[in-house]
A.B. asks: 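This is the structure I have questions about; it appears just below.
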Amino acid sequence: RAARREAKAAAAAAAVAEAAGGRHAPVRHRSVRVKGGKRPPADWLPTPWMCMEAPELQPYVPQLGDVVMYIRQGHADYLEAVIAGQVHDIDEARMPWIKVPGLQPVEECVVSDVIYSVGPPSLCVVKLVVQSGPNKDTLFSFKYRDVEGVADFMVLQAHYAVAVAHAWAVGDPCRSFIDGSWFRGRIDEVVAEGDAVVSRWQQLTVAWQQEDGEVRDGEACRLSPWDVEPCGDDPESCYRSCWPGLPQDFVGRVLHGLQAVRDLPITAPFRDAIDFLSYPTYCTIVAFPLHLTRVITRLENGYYRTPAALQWDIKTLFHNARQFNRPDSLIAKNAKALSDWLQAFIADDSITDVIAMRPDLADMAFEEAAQPARPGPPREAEPVRRSERASQRADQTESPSIRGMHLPLGTHPTATLRTCRRRNKPNMEEYRPAAWLSRERPSGVPYVPQVGDSVVYVAEGHREYFELVYEGQIHYLKEAKMPYIVLPGLQPAEQCVVETVTYLVGPPTLCKLHLRVTGGPCSDAKFEVVYCALDDQPDFIVLEAVYSRALELAAGYQPGTVVRVRRGAGHVEKTVADVVIVAPWRCIPIHAAGRSVQRVCAWDVELPGPAEGSAYAGLGSEMDNGERLRLLGGIEAAMIVPLAAEFVGPVDFAALPHYYTTIAQASYLQRIAARLRAGWYRRRAAVVADVRLLQANALAFNAEGAPITEDAAVLAAALIQFAESDATDLFAACPQLSLTAGRRSTRSRAAVYTERGSDDDDDDD
């Protein structure tokens, strides 16, 4: 078996050598439609190494908090095998040795996060933080999964230390655990040059022996010291005793608590594994299926190496229910409550009676947990297939009801609600742009982006925002692409400039910013941020002028100082609770409800002032009053031009209810004029950006070459020409605009075009 694995690895390396070193094309997978009652394709199912319930020597399964030795050459060999076998796509520009040029041949690291992604194929992103040496505290990440024929390039530090301490010599007998069996051999060679001396990667050449002790001809392979051990009769590896594990008293306490919770009625949906035959789409949505029985079995078998790994599994188990179901469903809310409950129990060693922590959940019946989240008629259920009807007729016991759907006993309600939601037609009201993006008066906070803004990006705030979005399933974000992950040298508060602003169709309506760092070690680095304003959540992107002024005020706050704290669109008066230590994120402690203390950001706090408005309004503006009035005169003049008639006011939502399913952010002349009057724009480039958005919306919603699209192009070109000049008369600067020229473009043309173009969409709905 070892020879076969070595041959596969050699073939993979040879294939890569013939590829001339070019970047390979990403693996493409055709889309798979899974019909009810059929097993999903094997590539979608969780792989065995993800489902392990007992510790094994190999393959390595990453756990949160693991201290590992990362072998750079081993990772390179892994990538060669992945490329040769087209296992998964790889971005060579993001390899650790590219992102961290000074990466050592072997680095001691801690696993800071593990993110599983839906297949095919199922894999995970591992994040490592270097613990020592010149790259200390550097974070890097990569895609990983178990690949047949490839040795582990991440090894537990305790295992690695014991393995490399053994002095192997030529002729020494050894054994290796491969594919579930022990193989005996002898050391034929010990490499003593190159990176192998430092990392010990495949330092040994092992010749395999037959049962009578004779060496097998031609059967030898390269192994690392942690892949072999001295011969012995004990079936248990000598390295197992040095592996880290959880204290026995901790295991006993948590195990007793989890077993008690597993038997409660409310945990019935999370008790056992999902039946993929009954719910074939589950593994196409949930990347890492888990259930309470598996967590308990892992704990009994000593699978977990750190408390963080156990808490990660608990959090993931209940997050899966919130990911598969609608966020406002009761089963999703119960999953969140159970997750918080069990994580608090695990973290507090003084708690021995888990039931006493939440008697309300312990007493909740399964039928209560299965009722709709809010009163009202249940949503329309998916039609029941014939095979399901037959099984329901055969089962005379009444089955539980979930949102009006009757399921056979023993099935998972977590696999039902998602299907119901997809069967409903979209609510057009949910697509309307959010109020914070439609502001026409300057406020300073919350931040509404404009092209050219000088801002401060706060990394800790972005992390907190990501957690809220992740927990609440507000919108899609990929953590591996977060700026604080992609740019390890990013400062806690980084000065940037907004280069572009793009809006994404909801719900919810999102804003995509392209930022460029303007100073520090990451100067001129560019990154992308996608976000929306959340209720009572501080901005993590703040105007530089607002940020500086807020920290200046914060330095003067004393315990007992009365301040105004932003709450939604208004303010509430609070008092400062303690000494303020000025910092980029949540540095001001204030008295909240009761005797509790809440920490808020400096830009959400200001001294008492007028009932309306904010002390930060107008900060950061570079447009003087004369320039503002000049641009306002041009916009108002354009409103009387015939070809601009369709762009003066907002689109009639009643006439075109599907408008905001195509257009993320509206732009029209009345809004631009109102913003100019109120001093909303901070620079000329922001006015030009709104004019360009007006033209882009017309093109996106109508056919290219349509009269209304051509009118928008003429109008936008004239207004941009006027804005970028110093002219005061629109018609003198732009003779192409005339009070008599223009087409008879009407909104009905857009409506007729849209109705014709949406026939297929109606059928799909």
Side-chain angles (χ1 to χ4, degrees), residues 436-437 439-462 465 482-484 486-487 489-503 510-533 538-555 566 582-585 587 601-606 613-628 631 665 672 675-676 678-693 723-724:
W436 70 281
L437 286 176
R439 291 177 181 267
E440 296 179 355
R441 302 186 64 83
S443 59
V445 179
Y447 172 65
V448 181
Q450 296 182 24
V451 174
D453 277 349
S454 295
V455 298
V456 175
Y457 166 83
V458 185
E460 182 61 29
H462 200 181
Y465 173 85
M482 293 295 101
Y484 48 83
V486 177
L487 300 174
L490 211 60
Q491 301 300 304
E494 196 72 82
Q495 294 185 359
C496 307
V497 63
V498 179
E499 293 198 327
T500 63
V501 181
T502 309
Y503 301 99
L510 300 175
C511 191
K512 181 195 290 186
L513 306 184
H514 285 90
L515 304 179
R516 176 173 54 83
V517 181
T518 56
C522 294
S523 182
D524 292 329
K526 297 182 180 182
F527 59 92
E528 180 183 284
V529 173
V530 177
Y531 81 106
C532 65
D539 294 331
F540 60 87
I541 299 177
V542 192
L543 281 170
E544 185 177 348
V546 172
Y547 180 86
S548 301
R549 177 59 177 160
L551 294 190
E552 179 184 340
L553 291 175
R566 180 171 69 92
V582 178
W585 187 254
C587 65
C601 292
W603 45 92
D604 282 338
V605 179
E606 58 188 69
S614 168
Y616 302 124
L619 293 180
S621 178
E622 300 175 2
M623 184 183 296
D624 58 36
N625 194 50
E627 175 71 359
R628 182 173 58 84
L631 294 175
Q665 173 70 340
I672 298 174
R675 287 178 166 180
L676 281 167
W680 186 86
Y681 293 108
R682 292 183 280 272
R683 57 193 51 77
R684 183 190 301 179
V687 182
V688 172
D690 269 6
V691 173
R692 294 188 190 278
L693 180 62
E724 294 178 345

A.B. asks: Please confirm whether the backbone N or O of Arg682 pairs with a side-chain atom of Gln450, one donor and one acceptor, at under 3.5 Å?
C.D. replies: yes

A.B. asks: Any chance you could measure Ile541, atom CD1, to Tyr447, atom OH, to the nearest 0.5 Å?
C.D. replies: 7.0 Å

A.B. asks: Give me the ring orientation class for Tyr547 and Trp603: parallel if the planes are under 30° apart, tilted from 30 to 60°, perpendicular past 60°.
C.D. replies: tilted

A.B. asks: So how far is it from Thr500 OG1 to His514 NE2, rounded to the nearest 0.5 Å?
C.D. replies: 5.0 Å

A.B. asks: Do Tyr465 and Trp585 have ring centroids that are under 6.0 Å from one another?
C.D. replies: no

A.B. asks: For Arg439 and Val448, what are the C-alpha separation, side-chain angles and deciding distance, and is it a side-chain contact (heavy atoms from CB on, under 4.5 Å)?
C.D. replies: CA-CA 8 Å; Arg439 291 177 181 267; Val448 181; 4.0 Å; yes

A.B. asks: Which pair of heavy atoms, one from Phe527 and one from Pro483, lies closest together, and at what distance?
C.D. replies: CD1-CG, 3.3 Å

A.B. asks: To the nearest 0.5 angstrom, please state how far the CG atom of Asp690 sits from the CG atom of Leu676.
C.D. replies: 9.0 Å

A.B. asks: Is it the case that the side chain of Gln491 and the backbone of Gly489 share a donor-acceptor pair, with hydrogens and angles ignored and the cut-off at 3.5 Å?
C.D. replies: yes

A.B. asks: Write down the atom of Leu437, the atom of Tyr503, and the distance for their closest heavy-atom approach.
C.D. replies: CD2-CE2, 3.7 Å

A.B. asks: What I want to check is whether the side chains of Tyr457 and His462 have a donor and an acceptor closer together than 3.5 Å.
C.D. replies: yes

A.B. asks: Identify the two heavy atoms, one from Ala678 and one from Pro442, that lie closest to each other, and give their separation to 0.1 Å.
C.D. replies: O-CD, 3.3 Å

A.B. asks: Please round to the nearest 0.5 Å and tell me the distance separating atom CD1 of Ile672 and atom CD of Glu440.
C.D. replies: 10.5 Å

A.B. asks: For Arg683, give me all partners under side chain to side chain contact (heavy atoms under 4.5 Å, CB included), at least two apart in sequence or on another chain.
C.D. replies: Asp453, Glu622, Ala685

A.B. asks: Provide the closest heavy-atom pair for Leu515 versus Cys496 in the form atom of the first, atom of the second, distance.
C.D. replies: CB-CB, 4.1 Å

A.B. asks: Taking all non-hydrogen atoms of both residues, which atom of Val451 and which atom of Ala689 are closest, and how far apart?
C.D. replies: CG2-CB, 3.9 Å

A.B. asks: Looking at SG of Cys601 and CZ of Phe540, how far apart are the two atoms once the value is rounded to the nearest 0.5 Å?
C.D. replies: 11.5 Å

A.B. asks: How long is the gap from OH on Tyr616 to CG on Leu543, to the nearest 0.5 Å?
C.D. replies: 12.0 Å

A.B. asks: Could you pull out all residues at least two apart from Arg516 that satisfy salt bridge (Lys or Arg N to Asp or Glu O under 4.0 Å)?
C.D. replies: Glu499, Asp524

A.B. asks: For Gln495, is there any backbone N or O sitting under 3.5 Å from a side-chain donor or acceptor partner on Thr518?
C.D. replies: yes

A.B. asks: Under the side-chain contact (heavy atoms from CB on, under 4.5 Å) rule, what do Gln665 and Leu693 come out as? Steps first, then yes or no, please.
C.D. replies: CA-CA 8 Å; Gln665 173 70 340; Leu693 180 62; 3.8 Å; yes

A.B. asks: Which is it for Glu494 and Val458 under the side-chain contact (heavy atoms from CB on, under 4.5 Å) test, yes or no, and what are the steps along the way?
C.D. replies: CA-CA 7 Å; Glu494 196 72 82; Val458 185; over 6 Å; no

A.B. asks: If every non-hydrogen atom of Gly452 is compared with every non-hydrogen atom of Val497, which pair is closest and at what distance?
C.D. replies: O-CG2, 3.8 Å

A.B. asks: Using a 3.5 Å distance criterion without hydrogens, assess whether the side chain of Asp624 forms a donor-acceptor pair with backbone atoms of Glu627.
C.D. replies: yes

A.B. asks: Please evaluate residues Tyr681 and Arg675 with respect to the criterion side-chain contact (heavy atoms from CB on, under 4.5 Å), reporting the C-alpha separation (whole Å), side-chain torsions for both, the decisive distance (0.1 Å), and the verdict.
C.D. replies: CA-CA 7 Å; Tyr681 293 108; Arg675 287 178 166 180; 3.3 Å; yes

